[in-house]
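One structure is given here, and the rest of the page talks about it.
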Amino acid sequence: MNDKSTEHIPSNFIRNIIDADIESGKHQTVITRFPPEPNGYLHIGHAKSICLNFGIAQDYKGAICHLRFDDTNPGKEKSEYIDAIKEDVRWLGFDWDDKLYHTSDYFEQLYLYAVQLVKQGKAYVDSLSAEDIRLYRGNLTEPGKNSPYRDRSIEENIDLLERMKKGEFAEGEHLLRAKIDMAAPNINMRDPAIYRIKNMSHPMTGDKWHIYPMYDFAHCVSDAIEGITHSLCTLEFEDHRPLYDWFLDELGTPSHPQQIEFSRLNLDYTVMSKRKLHELVEGGYVNGWDDPRLPTLSGMRRRGYTANAIRDFCSRIGVTKKDNVVEMSVLENCLREDLDAHSHRALAVLDPIKLIIDNYPEDREELLSGVNHPKKPEEGRREIPFSKELYIERSDYMEDAPKKFFRLTEGREVRLRFAYYVTCTHVVKDENGNVTEVHCTYDPETRGGKSEDGRKVKGTIHWVCAKQSITAEIRQYDRLFKIPDPASEKEQDYKEFINDESVQVLKNCQLEASLSNATDAVYQFERQGYFCQDRVDSTAEKLVFNRVVTLRDSWAKKA
RNA sequence: UGGGGCGUGGCCAAGUGGUUAAGGCACGGGGUUUUGAUCUCCGCAUCCCAGGUUCGAAUCCUGGCGCCCCAGCCA
């Protein structure tokens with residue numbers, strides 16, 4: 001970890017609570033946990049939680065953060081996701097040491113605790129249908145009513161529960177419920193489910209179980225077993241806290257963690273729910289979980305985002321209980337800051353057009369020197385081949401250019417970066433009137449891009465040597481959705497707002513020769529943006545680069 | 001019309017009775033610049049509303065208003 005992400009210790013209401021707990025002696029140290037359900041890939045919203053939980057573990061003396069897979073629903077979970085999640089957490093720069101757990105590690109204890117509840121008369125086996133249970137639950141304004149099975153004897157309940165466990169019943173036949181209060185204003189307290197029958201095998205426990213615990217029961221008990229001090233979760237679980245506390249109080253667990261809720265991260269122009277991400281991936285709207293347009297950590301990693309930038313982002317957005325939608329520009333700014341500091345520069349022409357220097361010798365070739373990083377001379381220099389015919393960016397020539405256009409137009413002089421001053425003389429067009437060649441003359445006295453006479457040249461453009469450039473494909477990504485908050489439109493499906501121009505593929509980009517040895521690092525293609533090789537599609541024969549993010553462009557904004 | 005939360009500038013977010021109401025992003029403007037990048041300088045709010053308490057309130061009280069979450073045998 002380096003740079004911005006650890007420059008200052010963040011402060012937020014959760015850390016304030018922890019500070020107070022340590023100060024008061026309530027806790028000597030802190031144990032947090034990051035508890036993903038392995039039913040999908042992690043996204044930047046999870047990164048917020050990861051940075052919060054693991055960040056606390058890093059900053060407090062003796063503190064530790066557990067990684068716990070919340071695998072209580074074998075119908076939705078797969079071990080493929082477990083591996084992906086571990087990889088993402090590691091990539092983000094965090095380490096769970098040997099504190100890797102699964103809720104399924106506790107299935108035995110969980111069951112014993114359930115039996116204890118039954119024996120205490122605090123849980124019962126209900127045999128109502130799912131439909132009836134819903135009916136009996138009441139609604140937001142009306143209380144529910146007791147199930148006719150609510151007063152079964154403890155003996156009968158134990159017997160039924162044991163048989164549920166053995167797999168004697170079909171799914172839905174019975175359900176273990178907490179006996180609390182069917183008239184509670186908090187619907188979560190209206191005899192919530194504890195164990196349901198699922199006759200399916202589990203990635204970790206195989207065919208051992210026929211019943212699986214519900215989140216509300218499993219989560220608090222798992223936290224207690226692990227001695228978690230502060231159990232941090234998102235706002236929608238606030239209503240579940242009374243239940244979290246009820247279970248632990250009834251059970252008399254050795255420890256009673258404190259649940260604290262904070263608001264989820266929302267980012268504009270994208271979606272963050274697992275359900276929607278699943279839908280985008282499975283519906284073929286994007287190409288897999290690691291599609292560079294997705295806010296998944298694997299997608300962002302493939303796109304070229306750095307872990308450093310994401311950590312910095314998480315610390316900048318803060319942690320509160322307020323609903324929020326963070327602008328993408330904050331993330332992009334974190335990225336640019338990190339990339340500007342660490343990326344080597346290169347010259348690459350995305351939309352090439354020939355530039356011919358009429359007064360440059362036909363057969364001459366020379367090597368010019370370019371700095372790898374303008375602020376870090378220690379990063380060295382590289383040689384860039386130069387000759388009579390170059391490629392420049394099509395957009396760097398304009399026929400009827402306004403005064404403020406600092407690039408090429410007839411009679412205007414510009415600097416070729418690291419090379420020479422050239423003055424545009426004329427252009428050649430095809431039968432349709434499209435410019436096919438830009439012609440110019442160069443000033444041999446300006447080698448390296450500077451002149452002795454102190455003459456001012458406002459514009460500098462990038463170029464590559466036509467003969468020695470290498471061809472590559474470049475994928476330019478844009479926001480996935482056309483509107484800032486696609487998920488909030490009540491009337492329309494969010495998929496209707498997908499931006500069908502979210503990726504633009506340029507197949508004939510010309511890169512400076514040194515890029516044939518490109519690593520998997522991110523490069524700044526000068527005046528364009530940051531790019532990195534696509535880790536899955538780029539090969540030695542066919543280079544493919546992803547545009548991570550553009551450079552800030554105040555000129556384009558005005559124009 | 002049940003319960004639980006939340007409301008500080010365009011977006012995040014400090015602030016916990018006495019501060020010119022931090023900071024970041026965005027935005028506008030100036031300077032530097034062999035990337036119209038970077039860097040740099042400057043500008044940019046009286047705190048949802050209304051009453052009240054107080055010498056003094058974004059911070060305390062009362063009453064409104066607005067937004068979010070909850071009726072899975074999902075997490």
Within this structure, what is the CG-to-P distance between A/Asn12 and B/rC12, rounded to whole angstrom?
17 Å
Suppose you measure atom C1' in B/rA50 against the same atom in B/rA57; what distance do you get, rounded to whole Å?
15 Å
Would you kindly give the CZ-to-C1' distance between A/Phe418 and B/rA37, to the nearest whole Å?
12 Å
So if I define the base as every atom that isn't primed, P, OP1 or OP2, how would nucleotides 68-75 of chain B read as a B/S/- string at a heavy-atom cutoff under 4.0 Å?
SBBBSBSB
Using 0.5 Å steps for rounding, measure from the CG atom of A/Leu331 to the CG atom of A/Leu265.
8.5 Å
P spacing across the pair B/rG24 / B/rG7, given as an integer number of angstrom
23 Å
What distance, rounded to whole Å, do you find between the two C1' atoms, one in B/rU19 and one in B/rA45?
15 Å
Residue closer to the 5' end of RNA chain B, A/Lys48 versus A/Gln524 (nearest nucleotide)
A/Lys48
Identify whether the glycosidic angle of B/rG72 places it syn (within 90° of 0) or anti.
syn
Are the side chain of A/Glu168 and the backbone N or O of A/Leu160 linked by a donor-acceptor pair below 3.5 Å?
no
Applying a 4.0 Å non-hydrogen cut-off, can you work out what A/Arg345 is touching in the nucleic acid: base, sugar-phosphate, or nothing?
base
Record whether the side chain of A/Gln528 comes under 3.5 Å of the base of B/rU35 through a donor-acceptor pair of N or O atoms.
no
A/Leu335 CG to B/rC25 P, in whole Å, measures 14 Å
Cation-pi, A/Phe262 ring and A/Lys321 (6.0 angstrom, 45 degrees):
no
A/Asn324 CG to B/rC25 C1', straight-line distance once rounded to whole Å:
14 Å
For B/rC47, which nucleotide is its Watson-Crick or G-U wobble mate, given both distances must be under 3.5 Å?
none
If I pick the P atom on B/rU54 and the same atom on B/rC6, what distance separates them, to the nearest angstrom?
29 Å
Quick one: does any side-chain atom of A/Arg190 pair with a main-chain N or O of A/Arg137 as donor and acceptor, under 3.5 Å?
yes
Please give, in whole Å, the distance from B/rC39 C1' to A/His373 NE2?
11 Å
Inter-nucleotide P distance (B/rU1, B/rG63), Å rounded:
15 Å
When you measure from the side chain of A/Lys322, which nucleotide among B/rG7, B/rC25, B/rU35 comes out closest?
B/rG7
Does A/Val457 reach a base, just sugar-phosphate, or nothing at all? Heavy atoms under 4.0 Å.
nothing
Look at the rings of A/Phe405 and A/Trp555 and say which category their plane angle falls in: under 30° parallel, 30 to 60° tilted, over 60° perpendicular.
tilted
Scan A/Phe405 against the nucleic acid and name what it touches under 4.0 Å (heavy atoms): base, sugar-phosphate only, or nothing.
base
Between B/rC25 and B/rG31, how many Å separate the two C1' atoms, rounded to a whole number?
23 Å
Looking at B/rA37, I'd like to know if its phosphate oxygens (OP1 or OP2) sit under 4.0 Å from a side-chain N or O belonging to A/Ser554.
yes
For A/Arg394, check salt bridge (Lys or Arg N to Asp or Glu O under 4.0 Å) against everything at least two apart and list the hits.
A/Asp351
Rounded off to whole Å, could you give me the CZ-to-C1' distance for the A/Phe262 and B/rA13 pair?
16 Å
Short question: side chain of A/Asn324, backbone of A/Arg264 - any donor-acceptor pair under 3.5 Å?
yes
Reckon A/Pro242 touches a base, only the sugar-phosphate, or nothing at all at heavy-atom distances under 4.0 Å?
nothing
Considering Watson-Crick and G-U wobble pairs with both distances under 3.5 Å, what does B/rU32 pair with?
none
Spacing of A/Phe531 atom CZ relative to B/rU35 atom C1', expressed in whole Å
13 Å
Distance (rounded to the nearest 0.5 Å) between A/Arg33 CZ and A/Asp70 CG
9.0 Å
What nucleic acid atoms does A/Lys450 come within less than 4.0 Å of, heavy atoms only: base, sugar-phosphate, or nothing?
base
Salt bridge check: are A/Asp126 and A/Arg150 linked by an N-O gap of less than 4.0 Å?
no
Pairing check on B/rC6: which nucleotide meets the Watson-Crick or G-U wobble criteria with it, both distances under 3.5 Å?
B/rG66
Could you tell me how the ring of A/His66 sits relative to the ring of A/Tyr101: parallel (under 30°), tilted (30 to 60°) or perpendicular (over 60°)?
tilted
Over all strands shown, is A/Asn16 touching base, sugar-phosphate only, or nothing at heavy-atom distances under 4.0 angstrom?
base
So for A/Glu261 and B/rG5, does any side-chain atom that can act as donor or acceptor lie under 3.5 Å from a complementary atom in the base?
no
Mind checking the P distance from B/rC61 to B/rU53? Whole angstroms is fine.
15 Å
Select base, sugar-phosphate, or nothing to describe what A/Thr320 touches, counting heavy atoms under 4.0 Å on all strands.
sugar-phosphate
Starting from P on B/rG2, measure out to CD on A/Glu142 and report it in whole angstrom.
12 Å
Sticking with atom C1', work out how far B/rA21 lies from B/rA58, rounded to a whole angstrom.
8 Å
